[in-house]
Asker: 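Pasting a structure below so you can have a look.
Since the model is a prediction, treat every value here as computed from it, not as a measurement.
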Amino acid sequence: MRIHVVSDVHGRADALAGAADGADALVCLGDLILFVDYQDHGQGIFAELFGQENADRFIALRTAKRFAEAREFSRGLWASLGGEPWPHIERAVDRQYAELFAAMPSPAYLTYGNVDVPRMWAPHLREGHRVLDGETAEIGGLRFGFVGGGLRTEYRTPYELDDDAYAAKVEAVGAVDVLCTHIPPAVPELLYDTVARRFERGSEAVLDAIRRTQPRYALFGHVHQPLAARTRIGRTECVNVGHFRARGVPYVLTV
């Protein structure tokens, strides 16, 4: 059985439509939404609402880890729209989800990324789309486990969880043949982004589960330009499936 795996789609509906070509099923590890594009500052919801010049400033502050200034700057921009920011964000997110799920192949097994808004997926799901988070599914005779979302960071993205809540989902999945998560296990070379020049947060709970249960594969995304795209932990092949927005092609898993 041939399974195509994508992560960090970030708005690439055009490439997503063909992501399952030649495959028996698609697995999507989340981050469908493009809020801010660190490569092309003119793309994403923030630039759509406030223009590229303001996106340039916002990204520069966050890249410099001046998070308090970035939040203050963005608060002023949201205030200029009048009222609370969330209605403006929700409309833009809903438009992106409508386009992305219309392009999403079927059958597809999906979990959430840290920038996703889980409650907004349901209206857009089509037949053959199955969402799993802290749950398992049999695909091609193998047991796949799915853990969505990320851990708390200074970026305060929509689906970040406390460590205990995240670890509980990993525990609920248990022993599987293929462990699918949005964020990597807490292995430094898998967490360092060579372009952003920073470590992203990985999960100690996922690392512990890999060491204890030794799945055949641990698949993840989240780190767009990793120092190492893969490593082995015991018998487990740990693979960053790639930044789909940039590459436009899936990782191919044959089982």
Asker: Between the side chain of D37 and the main-chain N/O of D40, is any donor-acceptor distance below 3.5 Å?
Answerer: yes
Asker: Would you compute the distance between atom OG1 of T213 and atom CZ of R235 and round it to the nearest 0.5 angstrom?
Answerer: 8.5 Å
Asker: If you look only at pairs with a residue in residues 172-198, which of them pass as a salt bridge (charged side-chain N to carboxylate O under 4.0 Å, His left out), with sequence neighbours excluded?
Answerer: R198-E200
Asker: Ignoring hydrogens and angles, state whether a donor on the side chain of D94 or H124 is under 3.5 Å from an acceptor on the partner side chain.
Answerer: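 Side chains of D94 and H124: pair found under 3.5 Å.
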Asker: Salt bridge check, R95 against E48: does any charged N sit closer than 4.0 Å to a carboxylate O?
Answerer: yes
Asker: Compare all side-chain heavy atoms of V195 with those of Q39 and state whether any distance is below 4.5 angstrom.
Answerer: yes
Asker: Is it true that atom CZ of R156 has more than 12 heavy atoms of other residues, nucleotides or ligands lying nearer than 6.0 Å?
Answerer: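 Atom CZ in R156 is not packed in, count stays at 12 or less.
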Asker: For residues V178 and P215, determine if any side-chain heavy atom of one lies less than 4.5 Å from a side-chain heavy atom of the other.
Answerer: no
Asker: Closer than 3.5 angstrom, by distance alone: can the side chain of R126 be matched with the main-chain N or O of F101 as a donor-acceptor pair?
Answerer: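 The answer is yes, because a donor-acceptor pair under 3.5 Å joins these two groups.
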Asker: Quick one, P118 and D133 - any side-chain contact, counting heavy atoms below 4.5 Å?
Answerer: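 Counting from C-beta outward, P118 and D133 never come under 4.5 Å.
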Asker: Please report the shortest heavy-atom distance between D163 and R201, naming the atom on each side.
Answerer: OD2-NH2, 3.1 Å
Asker: Does F46 reach the side chain of S74, with side-chain heavy atoms less than 4.5 Å apart?
Answerer: yes
Asker: Shortest non-hydrogen contact from L191 to A186?
Answerer: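 Scanning both residues, the minimum pair turns out to be CD1-CA, 4.0 Å.
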Asker: Should R130 and L110 be marked as a side chain to side chain contact (heavy atoms under 4.5 Å, CB included) after you check the CA-CA gap, both sets of side-chain angles, and the distance that decides it?
Answerer: CA-CA 6 Å; R130 184 175 175 187; L110 307 100; 5.7 Å; no
Asker: Examine distances only and state if a side-chain atom of S106 and a backbone atom of A108 form a donor-acceptor pair shorter than 3.5 Å.
Answerer: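 The answer is no, because no donor-acceptor pair under 3.5 Å joins these two groups.
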Asker: Count I, L, V, M, F, W, Y as connected when their side-chain heavy atoms are under 4.5 Å apart, and connections chain through other members. Are V249 and V9 then in the same cluster?
Answerer: no
Asker: Taking side-chain contact (heavy atoms from CB on, under 4.5 Å) as the test, write out the residues that go with S7, two or more places apart.
Answerer: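 In terms of side-chain contact (heavy atoms from CB on, under 4.5 Å), with neighbours along the sequence ignored, S7 is linked to L29, H182, V241.
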Asker: May I have the step-by-step check of ring pair (Phe, Tyr, Trp, His ring centres under 6.0 Å) for H10 and H224, ending in yes or no?
Answerer: CA-CA 11 Å; H10 294 303; H224 293 177; 5.2 Å; yes
Asker: Would you indicate whether the side-chain heavy atoms of V206 and Y166 approach each other to under 4.5 Å?
Answerer: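 Contact flag for Y166/V206 side chains = yes.
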Asker: Working note: V147 + C180, criterion side chain to side chain contact (heavy atoms under 4.5 Å, CB included); need CA distance, chi angles, decisive distance, verdict.
Answerer: CA-CA 6 Å; V147 180; C180 298; over 6 Å; no
Asker: Between L26 and I139, is there a shared hydrophobic cluster once you connect ILVMFWY residues whose side-chain heavy atoms come closer than 4.5 Å?
Answerer: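 No; I139 is not reachable from L26 via cluster members.
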Asker: When rounded to the nearest 0.5 angstrom, what distance separates CZ in R230 from CG in L219?
Answerer: 9.5 Å
Asker: Tell me the closest heavy-atom pair linking V170 and A209, and the distance in Å.
Answerer: CG1-CB, 3.7 Å
Asker: Starting at CG of D31, measure out to NE2 of H243 and round the result to the nearest 0.5 Å.
Answerer: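 Atom-to-atom, D31:CG and H243:NE2 are 8.5 Å apart.
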Asker: Could you see if F73 belongs to whatever hydrophobic cluster contains Y155? Use Ile, Leu, Val, Met, Phe, Trp, Tyr and a side-chain cutoff under 4.5 Å.
Answerer: yes
Asker: Heavy-atom distance under 4.5 Å between the side chains of L142 and E138, does that happen here?
Answerer: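 Of all side-chain heavy-atom pairs linking E138 with L142, none is under 4.5 Å.
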Asker: What heavy-atom pair brings V131 and W121 nearest, and what distance separates the two atoms?
Answerer: CG2-CE3, 3.8 Å
Asker: Output, in order, the C-alpha distance, side-chain angles, deciding distance and verdict of side chain to side chain donor-acceptor pair (under 3.5 Å) for T136 and R143.
Answerer: CA-CA 7 Å; T136 62; R143 187 175 178 85; 3.2 Å; yes
Asker: Answer yes if F146 and Y112 sit in the same cluster of Ile, Leu, Val, Met, Phe, Trp and Tyr residues linked by side chain heavy atoms under 4.5 Å apart, and no otherwise.
Answerer: no
Asker: When you check the gap from the basic side-chain N to the acidic O, do D164 and K169 get nearer than 4.0 Å?
Answerer: no
Asker: Is the side chain of N240 donor-acceptor paired with the backbone N or O of A228 at a distance under 3.5 Å, no angle test?
Answerer: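 Such a contact is absent between N240 side chain and A228 backbone.
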Asker: Judged by atom type as modelled, is there a donor-acceptor pair below 3.5 Å linking the side chain of D116 to the main-chain atoms of G113?
Answerer: yes
Asker: Who pairs with D21 by salt bridge (charged side-chain N to carboxylate O under 4.0 Å, His left out), at least two apart in sequence or on another chain?
Answerer: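 Salt bridge (charged side-chain N to carboxylate O under 4.0 Å, His left out) list for D21, sorted by chain: empty.
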Asker: Enumerate donor-acceptor pairs with a distance under 3.5 Å from any side-chain N or O in residues 55-66 to protein atoms, sequence neighbours excluded.
Answerer:
unit_1: D56; atom_1: OD1; unit_2: H41; atom_2: ND1; d: 2.7
unit_1: R62; atom_1: NE; unit_2: Y38; atom_2: OH; d: 3.4
unit_1: T63; atom_1: OG1; unit_2: I59; atom_2: O; d: 2.8
unit_1: R66; atom_1: NE; unit_2: E69; atom_2: OE1; d: 3.4
unit_1: R66; atom_1: NE; unit_2: E69; atom_2: OE2; d: 2.9
unit_1: R66; atom_1: NH2; unit_2: E69; atom_2: OE1; d: 2.7

Asker: Got a donor-acceptor contact below 3.5 angstrom from the T181 side chain to the I183 backbone?
Answerer: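 At least one qualifying donor-acceptor pair exists.
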Asker: May I ask you to test the F220-V5 pair for a side-chain heavy-atom distance under 4.5 Å?
Answerer: no
Asker: Mind listing the closest non-hydrogen atom pair of G202 and L151 along with its distance?
Answerer: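 Closest approach of G202 to L151: O-CD1, 3.5 Å.
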Asker: Under a 4.0 Å N-O cut-off, is there an ion pair linking E160 with R152?
Answerer: no
Asker: With distance as the sole test, does T111 use its side chain to make a donor-acceptor pair with the main-chain N or O of G148 at under 3.5 Å?
Answerer: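 Yes, the answer is positive, given that a donor and an acceptor are paired below the 3.5 Å cut-off.
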Asker: Go through the steps to decide whether V255 and L253 satisfy the test side chain to side chain contact (heavy atoms under 4.5 Å, CB included), and finish with yes or no.
Answerer: CA-CA 6 Å; V255 297; L253 179 67; 3.8 Å; yes
Asker: Where do V173 and G145 come nearest, in terms of heavy atoms and distance?
Answerer: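 Smallest interatomic distance, heavy atoms only, reads CG1-CA, 3.6 Å.
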Asker: Do Y97 and I33 have side chains that approach each other closer than 4.5 Å (heavy atoms only, starting at C-beta)?
Answerer: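 Y97 vs I33: side chains touch.
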Asker: Drop me the distance from F35's CZ to Q96's CD, to the nearest 0.5 angstrom.
Answerer: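 Here the interatomic distance stands at 10.0 Å.
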Asker: For the CE atom of M1 and the OG1 atom of T254, what is their distance to the nearest 0.5 Å?
Answerer: 10.5 Å
Asker: Strictly distance-based, threshold 3.5 Å: is any side-chain N or O of S203 a donor or acceptor partner for the main-chain N or O of A205?
Answerer: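 Yes, because the side chain of S203 sits within donor-acceptor range (under 3.5 Å) of the backbone of A205.
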Asker: Tell me, please, which residues at least two apart from R216 pass salt bridge (charged side-chain N to carboxylate O under 4.0 Å, His left out).
Answerer: none
Asker: Starting at CD1 of I210, measure out to OH of Y217 and round the result to the nearest 0.5 Å.
Answerer: 14.0 Å
Asker: Given R12, which of L16, D8, D14 fulfils the side-chain contact (heavy atoms from CB on, under 4.5 Å) condition?
Answerer: D14
Asker: Give the cluster check for V115 versus F199: same hydrophobic cluster or not, with ILVMFWY residues linked at side-chain heavy-atom distances below 4.5 Å.
Answerer: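 No, V115 does not connect to F199 through the hydrophobic network.
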Asker: Could you pull out every donor-acceptor pair under 3.5 Å between side chains of residues 79-89 and any protein atom, sequence neighbours left out?
Answerer:
unit_1: S80; atom_1: OG; unit_2: L77; atom_2: O; d: 2.4
unit_1: W86; atom_1: NE1; unit_2: E90; atom_2: OE2; d: 2.9
unit_1: H88; atom_1: ND1; unit_2: R91; atom_2: NH2; d: 3.1

Asker: Between F144 and V176, does a side chain to side chain contact (heavy atoms under 4.5 Å, CB included) hold up when you go through it step by step?
Answerer: CA-CA 6 Å; F144 281 65; V176 293; over 6 Å; no
